[in-house]
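Read through the structure below, which is laid out as C-alpha cells, and then see the notes.
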Number of protein chains: 2
Amino acid sequence: MQQIADAADINKSMLHYYFRSKSDLYEAVFGHAVERFMASFDHDALRDADSFAELLRRFIDGYVAFCQAHTDIMQLIVSENLRGGPLLGEHLQRLEKTGEKAPPHIFRSAIESAIETGEIRPVDPDQTLLTIIATCIFPFVARPTAQIMLSPTASDWDAFLQARKEHIFDVVYHGLKHPAVSSPPPA
Amino acid sequence: MQQIADAADINKSMLHYYFRSKSDLYEAVFGHAVERFMASFDHDALRDADSFAELLRRFIDGYVAFCQAHTDIMQLIVSENLRGGPLLGEHLQRLEKTGEKAPPHIFRSAIESAIETGEIRPVDPDQTLLTIIATCIFPFVARPTAQIMLSPTASDWDAFLQARKEHIFDVVYHGLKHPAVSSPPPA
DNA sequence: CCCCGATTTAACAACTTGGTTAAACTATTT
DNA sequence: AAATAGTTTAACCAAGTTGTTAAATCGGGG
C-alpha cells in the first residue's frame, strides 16, 4: 500500500480513506481494467465493414493494437483468470446488464451471419471466437518464452507483432472461408 | 513455507534444510515444471505420422490433453511468463543444451518440410507454431472468462475441450493447406 | 471569519512472512 | 557401540504487511 501510494503520489492514509481495504482497491482497479478491456472489442471501425473478411481483419488489428498499447490491463485480466478469477463473474455479468450487448457477442453474431451468407464454413462460433482471441492475446501472455524460442529479439518485437496480425488473418480466414467457392455451399 | 511444509507433510525446517531459501525452492519447482512441460511436446505418437495433417492432429490432441491433465504445471509456466519470466531464460537454454533438439524445434521443422513437399502453404513457421500453441493453451489460461462468456458450464468442460481439439485441427489445417490442390503449387 | 471536508503526518498495533537456531530424537552405517 | 546424517520440535527474530488512530494542516464556500 505504501508503494502504491508513493507511485500514485498520494498519501497512504488516503488510500484507506477512499478504498477501505487493499482488496477493495484491487477490485476497483480490476473493474476498471475489465471495462477498458471489454471496450476494446467494440470500436467504430468494426461497425462499417462490408464483409466478414474485412471485419475479421479490423478486429485482429484493433485487438493486437490494444494489447500492445495496454499490456498492463491485459496482464491484470489474464492474471485474474489464472487465479481462478472469483471477481470475473461479477464484473462480466455487470457489463452484460449495462451494455445492451456484451462486445464479444457482437463479433459472435457476425460469425453466425457470415455462416448464413456462406462466406465462411459452418463452424462453432464460440470455438472460433476463442481461437481468434487466443491467437491475438497469447503472444503477450507468453512473450518471454516467445522471444527466447522464436526468432524475434526484443528490438524487433513490434515488427513481429505487425507480421503476426497478417499471419493471424491469413491463417484464420483461410481456415474459415469456404474452399474455392465464394457463394453458399449446396444446401 | 509453513503451508507448503504442511501440504508436503514434512517439517518447515526441512524445507530450509534442502532448499536454502524460498526462491531456491521456487526455482527448483519451476525447473521441474519446465522439463515436464517441454517433454509434453515430444511424445512417441508424433514420430510416426505419415502426413503433416496427421502430425498436426496428434500434436493438438497430445498438447490439449497435457494441459488438461497438468493444469498446475501449465499455470505455473504461464504465470512466470506474465511476471516477465527472469527464470525462463536459464531453464530454456539449459534444455536446449541438454536435449539435442528442443522439442518445439521438431515441430517447426515439420512445418518447414510440409511447406517444401507442398502439403501446406508457405507460412512463417514461427508464427504458425505460436498460433497452434496459443489455440491449445489459451482455453486453460482464460478458463473462467471462457466459461462465463461462452456456453460451457463447468460440467461439460471436458466435452468442450474434446470439441476444441477438433475445431483447432479443422480451422488450422484448412488455414494452412493448399486450397483445393494436394500437389505443390506452380513454382 | 469560521466551518468543514479533504489531506497530510506520524506513530502505532496486530499480524504474517521468511529465516535461524539449538536441542533432542531416529535410523542407518561402520 | 559409536558416529553420522536425517528429522523433528519449538522457540525465536527481524522485517514487512495491512490497517488504525489522532492530531495538525490546508482550502474554499456560506
Side-chain angles (χ1 to χ4, degrees), chain A residues 1-37 70-95 98 141-145 148, chain B residues 1-37 70-95 98 140-145:
Chain A
M1 295 297 274
Q2 190 60 57
Q3 293 176 30
I4 293 172
D6 291 349
D9 200 35
I10 65 171
N11 196 275
K12 190 184 71 153
S13 295
M14 282 285 94
L15 274 184
H16 287 99
Y17 184 73
Y18 285 111
F19 306 94
R20 205 166 279 273
S21 69
K22 188 177 190 179
S23 56
D24 277 11
L25 170 60
Y26 176 74
E27 200 161 336
V29 171
F30 180 73
H32 181 244
V34 168
E35 276 181 34
R36 304 245 303 188
F37 186 73
H70 304 100
T71 313
D72 49 355
I73 292 181
M74 179 231 65
Q75 279 176 339
L76 182 57
I77 298 212
V78 172
S79 179
E80 180 67 22
N81 269 276
L82 271 187
R83 291 195 353 173
L87 297 182
L88 284 165
E90 321 165 13
H91 288 279
L92 289 184
Q93 285 167 3
R94 172 170 57 83
L95 284 195
T98 304
V141 172
R143 174 169 174 177
T145 300
I148 293 172
Chain B
M1 295 298 272
Q2 189 61 58
Q3 293 176 30
I4 293 173
D6 291 350
D9 200 34
I10 64 170
N11 197 275
K12 189 182 72 153
S13 296
M14 281 286 94
L15 274 184
H16 286 99
Y17 184 73
Y18 284 112
F19 307 93
R20 207 165 275 274
S21 68
K22 188 177 190 178
S23 57
D24 278 11
L25 171 59
Y26 177 74
E27 200 161 334
V29 171
F30 180 73
H32 180 243
V34 168
E35 276 181 34
R36 303 245 304 190
F37 186 73
H70 306 99
T71 315
D72 48 356
I73 291 181
M74 179 230 66
Q75 280 177 337
L76 181 58
I77 299 217
V78 172
S79 180
E80 180 67 22
N81 270 277
L82 271 188
R83 288 194 356 173
L87 297 183
L88 283 165
E90 321 165 14
H91 287 278
L92 289 184
Q93 285 166 2
R94 173 171 56 85
L95 284 194
T98 304
F140 298 93
V141 172
R143 174 169 174 178
T145 300

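Worth knowing before you read on, the calculation uses all heavy atoms, side chains too, and leaves out hydrogens, waters and symmetry mates. Throughout, protein chains are lettered first and strands after them, A, B, ... in sequence-line order, and every chain is numbered starting at 1.
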query: Partners of B:Y26 by side-chain contact (heavy atoms from CB on, under 4.5 Å), sequence neighbours excluded?
result: B:F30, B:L76, B:E80, B:L87
task: Please list, chain by chain and in numerical order, all residues satisfying side-chain contact (heavy atoms from CB on, under 4.5 Å) with A:S23, sequence neighbours excluded.
output: A:S21
Grab the N/O contacts between the protein and nucleotides 4-7 of chain D below 3.5 Å, and write none if there aren't any.
from: D:dG6; atom 1: OP2; to: B:Y17; atom 2: OH; distance (Å): 2.9
from: D:dT7; atom 1: OP2; to: B:Y18; atom 2: OH; distance (Å): 2.4

task: Output all residues satisfying side-chain hydrogen bond (donor to acceptor under 3.5 Å, both in side chains) with A:E90, sequence neighbours left out; order by chain, then residue number.
output: none
message: Using the salt bridge (charged side-chain N to carboxylate O under 4.0 Å, His left out) criterion, which residues pair with A:E35? Sequence neighbours excluded.
response: A:R94
task: Taking all heavy atoms of B:N81 and all of A:V141, pick out the closest pair and write down the distance.
output: CB-O, 3.3 Å
- request: Write down the distance between CD1 (B:I10) and P (D:dT9), rounded to a whole number of angstrom.
  value: 12 Å
Contacts of B:Q75 that satisfy side-chain contact (heavy atoms from CB on, under 4.5 Å) - sequence neighbours left out: A:L82, B:T71
field: Listed partners of A:H16 passing ring pair (Phe, Tyr, Trp, His ring centres under 6.0 Å), at least two apart
entry: none
query: Which residues pass the side-chain hydrogen bond (donor to acceptor under 3.5 Å, both in side chains) test with B:H70, sequence neighbours left out?
result: B:R36
Find every protein N or O atom lying less than 3.5 Å from an N or O atom of nucleotides 18-28 of chain C, and list the pairs.
from: C:dG18; atom 1: OP1; to: B:K22; atom 2: NZ; distance (Å): 2.1
from: C:dG18; atom 1: OP2; to: B:M1; atom 2: N; distance (Å): 3.1
from: C:dG19; atom 1: OP2; to: B:K22; atom 2: N; distance (Å): 2.7
from: C:dG19; atom 1: N7; to: B:K12; atom 2: NZ; distance (Å): 3.3
from: C:dG19; atom 1: O6; to: B:K12; atom 2: NZ; distance (Å): 2.4

